[in-house]
Structures are given as structure tokens and as C-alpha cells.
Amino acid sequence: MNKKILFSIIILLILSFGLRIAPIIYKGYAPTGAHDNLILARNLAETGEYKLESEKNVVLASSQVKEKGAVSTFGNKLTIFIEAGIFKIFGFSANLPFFVSVFMFAITTVLIFLLVLRIFDNFYLALITALFDIFMPFVWKGSLFAGTYEFASVFFLLGLLIYFWKKEKNILLLFLPGLFFGLAIVSRNAFILSVIPIIIYELQVSRSWKKVASFALPVILIFGAFGFFNNSYLSGADESFSRFGHLFPDPYTYHYEKDNYIRSIAGSSDPDLSEFQIKYGYDVSLINKVKMYLNSAVFYPNQAFSIINFGGPFFLFLAFLGGAYLYKEKRELFKFFSLWIILWYIGLVVLKTNNWDHFLEIRFVVIFLIALGVWALIKMFGKCIESQRKYILFGVGLVAFSSFQLFVSNKWMFHESYETSFLPEAMPIIEKLEKENIKSDEVIAVSFNQGAPLLFNYYLDKNFIYFAPETIEKLKKEGKLEEIFSDFSITRFVE
């Protein structure tokens with residue numbers, strides 16, 4: 001590795017980490033995070049138990065999970081195990097996973113730089129791709145979404161780098177990427193939609209079932225080792241409020257008023273409700289099923305045009321231009337990218353998803369095509385510019401302008417993320433509760449946000465449960481509030 005590449009890697013690591021961690025340093029907390037996964041990791045580190053809630057869906061303090069907790073069916077287990085290992089080594093700190101996540105994303109930026117360098121043997125194209133990765137809004141936000149994509153992204157990109165390292169691959173050079181792809185999937189299950197196209201591509205290129213088998217074998221073995229087929233993403237039933245909260249307003253309704261509530265929403269055409277009605281075994285009309293799939297089919301194209309994801313329509317234009325340039329220069333790679341995006345999209349629609357974070361699975365393709373679009377523009381206009389100095393100035397100017405546009409997009413992204421987050425409302429309450437003498441066996445009910453019990457438990461390590469405001473009012477009118485609070489062993493109520 002020459003000095004120029006080594007120096008670039010160091011600068012990319014510093015720039016990526018320093019820039020992405022800035023919102024946490026400024027605000028004191030990230031706008032989002034998979035607090036359920038992080039609580040599981042903390043509980044696993046402190047008690048050795050893979051538990052989050054009681055059978056009545058009280059989010060338990062770590063001191064209570066061994067005795068009162070139910071074993072969790074959450075997937076993405078490797079991410080949780082790694083986070084637990086980090087807590088064991090360094091101790092629990094609320095912001096620690098977010099710093100780790102940002103650091104891991106900085107490593108992935110370097111891996112993208114090396115991947116482009118390997119595929120195209122073009123230092124400047126690799127550098128442009130890495131810079132766009134640093135400034136891309138959905139990637140920046142994803143880097144702060146601790147407990148989700150940080151380790152899976154490293155495993156997946158390592159696998160991709162090894163896979164493309166040599167054109168002619170022996171069994172070892174297929175087994176190793178398969179190993180990392182398997183680790184990526186058990187870290188973030190959705191990566192399976194990106195691994196399947198690679199397996200198909202390898203079959204098309206090598207025409208060898210033996211090579212495909214050596215590539216797919218470690219993926220399958222790792223599936224089994226981590227109980228892939230026994231998790232809440234594939235299970236028909238899931239007793240965690242983190243999951244059934246998409247359908248039922250609170251644990252009380254789920255445990256005591258389930259059938260009445262389902263009857264009350266029978267006429268609803270909300271596609272999000274329809275998805276979870278099906279998951280929990282309730283009938284949904286054919287029209288609502290069609291709406292559900294259409295909602296998912298429309299969601300991703302709409303989000304792709306959003307300024308807070310890809311930077312807006314201009315960057316989509318660059319991606320299409322980059323695709324045309326790739327088709328001309330490396331047609332096989334273009335076919336692979338096309339297959340990857342198409343199967344990924346179809347898979348997400350079939351699974352009825354509508355989450356922005358799935359863009360992180362095709363991050364490399366999207367950002368590489370955008371960078372390639374910029375490279376194509378530089379090449380195109382370079383033919384009209386005779387002066388070498390003006391040619392360089394045009395190229396640097398275009399990259400700088402695009403990066404600045406992405407930076408502005410990030411400003412709006414963070415404005416929306418923090419404005420729509422309930423953390424600014426929750427943090428003062430957390431600080432207040434922190435000063436109070438709350439016993440380890442007390443259960444506190446909260447009613448201002450479904451995610452509050454997880455957030456409060458994460459910061460305070462106490463027992464919390466959610467009651468929807470309408471449920472509280474209903475129980476008050478029926479004179480049952482005290483009785484129900486007693487059933488859930490609730491001692492305090494935070495509105």
C-alpha cells in the first residue's frame with residue numbers, strides 16, 4: 001500500500017468520525033437508536049440473560065430480568081452479542097454505543113474507498129465515492145442509529161472487498177466472503193436481500209455449483225448457529241411490545257382488550273395496521289392487502305427523491321448518469337448492480353416494509369453510482385476544456401459543490417430528525433427521575449410516547465411500561481385504573 005493511499009485512509013477515518021459524531025457532541029444525544037437492542041445487550045452483559053421484558057411487557061431493569069424476564073425472540077443477534085461484549089469490557093455508558101457505531105461507519109467508508117479502488121483501479125474516483133459516503137444524509141443518520149447496521153455493514157463490505165479482490169476465485173476466496181456475508185446477515189437480517197443477488201451473480205459468472213456451494217455454505221451454517229429461523233422477523237407470533245406496538249396501542253390493550261380493539265379497527269385501511277394484522281393472524285380484506293403492498297412499492301421511490309436521504313433529484317440524476325457510464329465501461333458490473341437493486345426492492349415489497357434504513361443495505365451501489373455520475377460529467381466536460389488547470393478546477397469544483405449540497409441536505413435531515421424525535425421532551429424527565437430514589441422493583445407507567453419505556457429504561461435502568469393516553473382515560477371513566485395499575489404492579493405514573 002503506497003503512502004498516498006495510506007494517508008487518504010487516515011484522513012477519511014478522521015473526517016468521517018469527526019463529522020458524524022458532531023451532532024451527539026453538540027446535542028448530547030443521538031436523534032434515534034435501537035434502544036431495545038442496546039438494552040438487551042446491557043442485560044446480556046450484566047446478567048447473561050437474553051431478556052428485555054416481563055410477560056406483561058414491562059421493560060425490566062437489569063436487576064429484575066433474571067427472575068421476571070421472558071426470553072426475547074429478537075433477531076440481529078450478533079449485533080446484540082457484540083454490543084454486550086463492548087459493555088462487558090468498557091462498562092455501560094449511554095453514549096458509548098453511538099461512538100462505537102460512528103467509528104464502525106468510519107471503517108466502512110474506508111472499505112468503500114478500497115472497494116472502488118480495487119474494482120476500478122482509479123484513486124480519484126475512489127476518493128470521490130468515499131467523500132460522498134461521508135456526506136450522504138441517509139448514511140450519516142444511519143451511523144447514529146446505534147444497535148442496527150454498524151457491525152453488519154463492516155462484515156458485508158469486508159465480504160464484498162474479498163469477493164472482488166481477484167477475478168479468478170478459488171474455494172477459499174469464495175468461502176471467506178461467504179463467512180462475512182453470513183455474519184452480516186445475523187447482525188442485520190435484512191442483508192439477506194443483498195447476499196442473494198451476489199450468489200446468483202456468482203452462479204452466472206462461474207457456472208459452477210461447486211463454487212456457489214462453497215460460497216453459500218458458511219452463510220447457511222452461520223444462519224443455523226445464530227437461530228436465524230427462530231426470531232421475531234420470521235415468527236408468526238411475537239410477544240414484545242416493540243413489535244406488537246405497531247398494531248396495538250399499549251400492552252394493556254394487547255393483554256386485556258385485544259379482540260375489542262381489533263373489532264374497532266376493522267374498517268381501517270391503514271397499510272401499516274394491515275401488515276401487523278396479518279402477522280398476528282387477523283383477517284384483512286383483499287383491497288387492504290393490495291394497498292399494503294402498493295404502500296411499500298411507492299415508499300422507496302418516494303424516499304429516494306427526498307433531500308434528506310439521497311440529497312434530492314440532482315443526485316438521482318447523477319446515479320442514473322453513473323449507471324449509463326458503468327454500462328459503457330463495465331457491463332458485467334452494471335448487470336450485477338441492476339440485479340442487486342431489483343431483487344432488493346422486490347424483496348422489501350414482498351416483505352411489506354417501509355423503513356428508510358433499508359437504503360443502508362444498498363449504500364455502496366447508490367453512492368458509487370452517484371460518484372460515477374460526477375466522474376462521467378468531469379470526463380464529458382473535460383473534452384471541451386483544453387487547459388489542464390481548468391479541467392482540474394472544474395472537477396474539484398463539481399465535487400465540492402456536490403459535497404456542499406449534501407451538507408445542506410444533512411442540515412435539513414438533522415433538523416427534521418431532532419424536531420420529530422421525542423428525546424428533547426424526554427431528556428428533562430429522565431434527568432428529574434434520575435434524582436429520585438426509585439427502588440429496583442418499582443414499575444413506572446408512562447403515557448406520552450410508545451418508545452418512552454425503552455428510552456427511560458436505557459438511561460435509568462428501571463422498570464417502565466407504556467399506557468396510551470386514550471387507555472388511561474378509558475380506565476378512569478370505568479373506574480378500573482387503580483385495579484389495572486395494581487395488576488401491572490405500577491407504583492408511579494409519568495404523563
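Numbers here simply count residues along the sequence, with the first being 1. This structure is a prediction, so every number in the text was calculated from the model and none was measured.
- The pair Glu442-Arg492 meets the salt-bridge criterion, with a side-chain N (NZ, NE, NH1 or NH2) lying under 4.0 Å from an Asp/Glu carboxylate O.
- Side-chain atoms of Asp270 come within 3.5 Å of backbone atoms of Asp272 as a donor-acceptor pair (strictly under, hydrogens ignored).
- Using modelled atom types, one side-chain atom of Lys462 and one backbone atom of Ile438 make a donor-acceptor pair closer than 3.5 Å.
- Under the 4.0 Å criterion applied to side-chain N and carboxylate O atoms, Lys352 and Glu275 are not assigned as salt-bridge partners.
- At a cut-off of 3.5 Å, with distance as the only test, no side-chain donor of Asn457 or His35 sits close to an acceptor on the other residue.
- In summary, the side chains of Trp340 and Ser194 do present a donor paired with an acceptor at a separation below 3.5 Å, with no hydrogens or angles considered.
- Residues Phe299 and Trp356 place their aromatic rings such that the two centres sit no closer than 6.0 Å.
- In this structure, CD1 in Ile465 is found 14.5 Å from CZ in Phe456, a value given to the nearest 0.5 Å.
- Ion pairing between Asp133 and Arg20 holds under the 4.0 Å rule for side-chain N and carboxylate O.
- Just one of Phe467, Tyr466, Phe485 meets the side-chain contact (heavy atoms from CB on, under 4.5 Å) condition when paired with Tyr252; it is Phe467.
- Between the side chains of Thr108 and Arg363, at least one donor N or O lies within less than 3.5 Å of an accepting N or O.
- Atom OG of Ser296 is separated from atom OH of Tyr345 by 7.0 Å, given to the nearest 0.5 angstrom.
- Within 6.0 Å of CZ in Phe493 there are more than 12 heavy atoms belonging to other residues, nucleotides or ligands.
- Phe320 CZ: 12 or fewer foreign heavy atoms inside a 6.0 Å radius.
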| request: Go through the steps to decide whether Phe156 and Phe181 satisfy the test ring pair (Phe, Tyr, Trp, His ring centres under 6.0 Å), and finish with yes or no. | output: CA-CA 5 Å; Phe156 182 77; Phe181 290 144; 5.3 Å; yes
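- With ring centers used as reference points, Phe17 lies 6.0 Å or more from Phe105.
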| Derivation of the ring pair (Phe, Tyr, Trp, His ring centres under 6.0 Å) call for Phe315 and Phe305 | CA-CA 9 Å; Phe315 288 92; Phe305 278 94; over 10 Å; no
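- More than 12 heavy atoms of other residues, nucleotides or ligands shown are found within 6.0 angstrom of CZ on Phe314.
- No more than 12 heavy atoms of other residues, nucleotides or ligands sit less than 6.0 Å from atom CD of Glu482.
- Going from atom CG of Leu12 over to atom CD1 of Ile107 covers 12.5 Å, rounded to the nearest 0.5 Å.
- In the model, Glu53 has a side-chain atom that pairs as donor or acceptor with a side-chain atom of Ser240 under 3.5 Å.
- Salt-bridge formation is not detected for the pair Lys88/Glu46: no Lys NZ or Arg NE/NH1/NH2 atom is positioned less than 4.0 Å from an Asp or Glu carboxylate oxygen.
- A donor-acceptor pair is defined here as one N or O able to donate and one able to accept, closer than 3.5 Å; no such pair exists between the side chain of Lys279 and the backbone of Arg243.
- Relative ring orientation between Tyr29 and Tyr418 is described as perpendicular, the plane-to-plane angle rising above 60° on a 0-90° scale split at 30° and 60°.
- Checked by atom type and distance alone, the side chain of Thr253 never pairs as donor or acceptor with a backbone atom of Glu257 at under 3.5 Å.
- Within the 6.0 Å centre-distance limit, the rings of Phe244 and Phe241 are counted as a close aromatic pair.
- Judged by distance alone, the side chain of Glu434 and the main-chain N or O of Leu460 form no donor-acceptor pair under 3.5 Å.
- Summarising the geometry, atom CD1 belonging to Ile80 is positioned 13.0 Å from atom CZ belonging to Arg42; distances are rounded to the nearest 0.5 Å.
- Taking the ring axis of Tyr50 as reference, the NZ or CZ atom of Lys77 stays within 45° of it and closer than 6.0 Å to the ring centre.
- A donor-acceptor contact under 3.5 angstrom links the side chains of Asn309 and Gln303, judged on distance only.
- The environment of CD in Glu478 is crowded: more than 12 heavy-atom neighbours from other residues, nucleotides or ligands sit within 6.0 Å.
- For CG of Asp283, the number of neighbouring non-hydrogen atoms (other residues, nucleotides, ligands) closer than 6.0 Å is 12 at most.
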| request: Start with the C-alpha gap between Tyr300 and Trp344, add the side-chain angles, then the distance that decides, and say whether ring pair (Phe, Tyr, Trp, His ring centres under 6.0 Å) holds. | output: CA-CA 11 Å; Tyr300 293 101; Trp344 168 84; 5.7 Å; yes
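- Here CG of Leu158 is found 5.0 Å from CG of Leu111. Values are rounded to the nearest 0.5 Å.
- Residue-environment remark: CZ (Phe103) stays at or below the threshold of 12 foreign heavy atoms within 6.0 Å.
- In this pair, Phe276 and Tyr280 present their aromatic rings parallel. The plane angle is below 30°, not in the 30 to 60° band.
- Between Tyr261 and Phe248, the gap from one ring centroid to the other is short of 6.0 Å.
- Between Phe138 and Phe310, a ring centre-to-centre spacing shorter than 6.0 Å is recorded.
- Atom OH of Tyr459 has more than 12 heavy atoms from other residues, nucleotides or ligands within 6.0 Å.
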